[in-house]
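Here's the structure, in structure tokens; my notes come after.
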Amino acid sequence: MNWPTLISAKRFGLEEFHQERHENRSEFQRDYDRLVFSAPFRRLQNKTQVFPLPGSIFVHNRLTHSLEVSCVGRSLGNDVAKAILQHQPELQHSYLPEIGSIVSAACLAHDLGNPPFGHSGERAISTFFSEGKGMELKEHLTPEQWEDLTHFEGNANAFRLLTHQFEGRRKGGFVLTYSTLASIVKYPFASTLAGRKSKFGFFTTEEESFRRIADELGMKKLSDSPLKYARHPLVYLVEAADDICYQMMDIEDAHKLKILTTRETQELLLSFFDSERQAHRLQTLKIVSDVNEQIAYLRSSVIGQLIKECTQAFLAHEDEILEGTFSGSLIAHINEPAASAYRRCAEVSLAKIYRSRDVLDIELAGFRIISTLLDLMIEAVRSPEKAYSQLLINRVSSQYNIKAPALYERVQAVLDYISGMTDVFALDLYRKINGNSLPEIS
């Protein structure tokens, strides 16, 4: 793979209208702006990141997380571009200097396909088909379609949201650049290769869309059937930005919620530095009186350090990344003491944060809500002639192809509808369907 081919300003869905614009914003900055002003992005403000929403103490939701990941991604992209241009100055007049803008836009979009209630929403959807009433559909679908459903993945759903049903401007949509779209696909292979981790990059319906993007950008093909490519290099920067932010911000949120003590949190964050830099930061803490501000300062210092470490890891392995032979994430290739400190944070997060009662409670509730909505909506599209089915179908916005002729298309329309819900909307619909909440009658 080579940089000039990997970075393209061509827009998916508007290829025949592709032309260079002459304005202050680059095409990739336009991607960022389109995402910020979109309805799916706004809905992220009411989707759970880790901790329940809302609360008396502000914690991160999907929107604030995405904005922070985007900031870190921009820094990573800019640092990598600057370093590459130093040893390959001939790329100055290509799109390579735009890497920061591309990564920033991709980071903004990376969680758009996630259903409500965090990762429990993904699990609720996949297990509905693998363990629940959705098992009845298996005999009516192809093996590839069945794998899509039983391994439902937010990343693949984001790619679907950003690419499907584009037929020019009259139909609207995101119409993002090829490079931004390729940069969000962490797992560039079909669901039949998902394995136990249930990770894949695109549904059967978007297979040709991904193939078109990957071939245009010169991404290395690893197999034809089932479809598999090497990652677009910028995916590693998007992934690193996400790894940095969710780990550090979850630690800070846990401190605010008193799941972690101040001392525990300080020790975790200081361990990213050698003794000399630890001493310097401890001195700085003495002039900050507010405890939360002390933790915010340390968290900021750690993020800065991890940006440097991941930039160095990318540059050290650039050849392998371009050859498609690099293994693992950038965060797995950082140096000590940051590597051990990050692993320790991950261990503490798993033990004390992700298994805390509040987090488990929201996951349990989310699982029940999404499973119930799926049960009713899937039954409605399977038997649309029934009176109750008609009531449910008529409640769905016309933007979803809920009346498609093929069963799999109708099932996917249900998943589009439910995964696009906010936590509050899903809860409200659940209550209304169960008769626990009725509209006011004047």
Side-chain angles (χ1 to χ4, degrees), residues 1-3 5-8 10-13 28 31 69 73 76-77 80 99 102-103 105-114 122 126 144-145 147-164 174 176-243 314 317-333:
M1 296 184 282
N2 65 83
W3 287 116
T5 306
L6 285 164
I7 306 178
S8 169
K10 184 181 287 188
R11 293 194 173 278
F12 186 85
F28 310 109
D31 282 350
V69 174
L76 282 166
V80 164
I99 284 179
I102 300 170
V103 174
C107 288
L108 209 61
H110 82 286
D111 270 352
L112 283 184
N114 286 64
E122 286 179 295
S126 59
E144 292 78 17
Q145 291 170 344
E147 291 293 326
D148 283 354
L149 300 179
T150 56
H151 295 96
F152 181 87
E153 218 285 325
N155 191 242
N157 202 44
F159 186 75
R160 172 176 168 79
L161 174 65
L162 294 169
T163 59
H164 83 301
F174 289 94
L176 301 181
T177 61
Y178 276 37
S179 292
T180 296
L181 289 169
S183 297
I184 71 165
V185 183
K186 291 173 64 176
Y187 316 103
F189 46 80
S191 61
T192 50
L193 296 174
R196 291 184 178 180
K197 292 186 177 181
S198 295
K199 301 295 185 183
F200 65 102
F202 42 85
F203 297 114
T204 304
T205 43
E206 283 70 57
E207 182 175 304
E208 284 307 312
S209 295
F210 184 78
R211 189 195 305 273
R212 189 188 341 157
I213 291 169
D215 290 346
E216 170 73 22
L217 299 180
M219 292 168 60
K220 185 176 181 180
K221 186 180 290 186
L222 302 179
S223 70
D224 288 317
S225 182
L227 194 64
K228 184 176 184 180
Y229 285 81
R231 280 180 167 186
H232 189 287
L234 299 189
V235 171
Y236 290 101
L237 299 180
V238 174
E239 180 183 49
D242 190 27
D243 288 344
F314 186 95
H317 298 278
E318 182 187 354
D319 289 343
E320 297 164 62
I321 289 171
L322 290 173
E323 289 167 5
T325 58
F326 182 70
S327 178
S329 64
L330 293 180
I331 209 79
H333 289 79

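Because the structure is a prediction, the values reported are computed rather than measured.
For the atom pair N155 CG and E239 CD, the distance stands at 10.0 Å (nearest 0.5 Å). Here the NE2 atom belonging to H317 is positioned 8.5 Å from the CG atom belonging to L330, to the nearest 0.5 angstrom. With rounding to the nearest 0.5 angstrom, the CD1 atom of I102 is 13.5 Å from the CD1 atom of I184. Of the inter-residue distances, the one linking K199 atom NZ with Y187 atom OH reads 4.0 Å to the nearest 0.5 angstrom. Rounded to the nearest 0.5 Å, atoms CD (Q145) and OG1 (T192) are 12.5 Å apart. For the atom pair I213 CD1 and K10 NZ, the distance stands at 11.0 Å (nearest 0.5 Å).
Between D242 and H110, the shortest heavy-atom distance links the atoms OD1-NE2, 3.4 Å. Closest heavy-atom contact between F200 and A194: CD2-CB, 4.1 Å. The minimum heavy-atom distance between E207 and L227, with the atom names listed, is CG-CD2, 3.6 Å. When every heavy atom of E206 is checked against every heavy atom of R160, the shortest pair comes out as OE2-NH1, 3.0 Å. Minimum interatomic distance between V103 and G73 (heavy atoms only, all atoms of both residues): CG1-O, 3.4 Å. Residue E147 comes nearest to S191 through the heavy atom pair CB-OG, 3.4 Å, listed as atom of the first residue, atom of the second, then distance.
Side-chain contact between Y178 and R11 is absent, with no heavy atoms from C-beta onward closer than 4.5 Å. Counting only heavy atoms from C-beta outward, the side chains of D215 and K221 approach each other to under 4.5 Å. The shortest side-chain heavy-atom distance between F174 and D31 does not fall under the 4.5 Å cut-off. A heavy-atom distance below 4.5 Å is found between the side chains of S209 and F12. Here the side chains of W3 and P233 are in contact, with some heavy-atom distance below 4.5 Å.
Between F314 and Y236, the ring centre distance reaches or exceeds 6.0 Å. In summary, the aromatic rings of Y229 and F210 are positioned with their centroids under 6.0 Å apart.
The side chain to side chain donor-acceptor pair (under 3.5 Å) search around T5 returns N2, not counting sequence neighbours. In this structure, the side chain to side chain contact (heavy atoms under 4.5 Å, CB included) partners of V235, at least two apart in sequence or on a different chain, are K186, R231, H232.
With no hydrogens or angles considered, a side-chain donor-acceptor pair links T180 and T177 at under 3.5 Å.
A salt bridge is absent between R212 and E216; no separation between the charged side-chain nitrogens and carboxylate oxygens falls under 4.0 Å.
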>> Quick one, S126 with H151, criterion side chain to side chain contact (heavy atoms under 4.5 Å, CB included). Give me CA distance, side-chain angles, the key distance, then yes/no.
In response: CA-CA 5 Å; S126 59; H151 295 96; 5.9 Å; no
> Can you list the steps and then say if K220 with L322 is a side chain to side chain contact (heavy atoms under 4.5 Å, CB included)?
Replying inline: CA-CA 9 Å; K220 185 176 181 180; L322 290 173; over 6 Å; no
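Checked by atom type and distance alone, the side chain of D148 pairs as donor or acceptor with a backbone atom of T204 at under 3.5 Å.
Atom NZ of K228 has 12 or fewer heavy atoms from other residues, nucleotides or ligands within 6.0 Å.
Among the candidates I99, I7, L6, the single residue satisfying the side chain to side chain contact (heavy atoms under 4.5 Å, CB included) test with S179 is I7.
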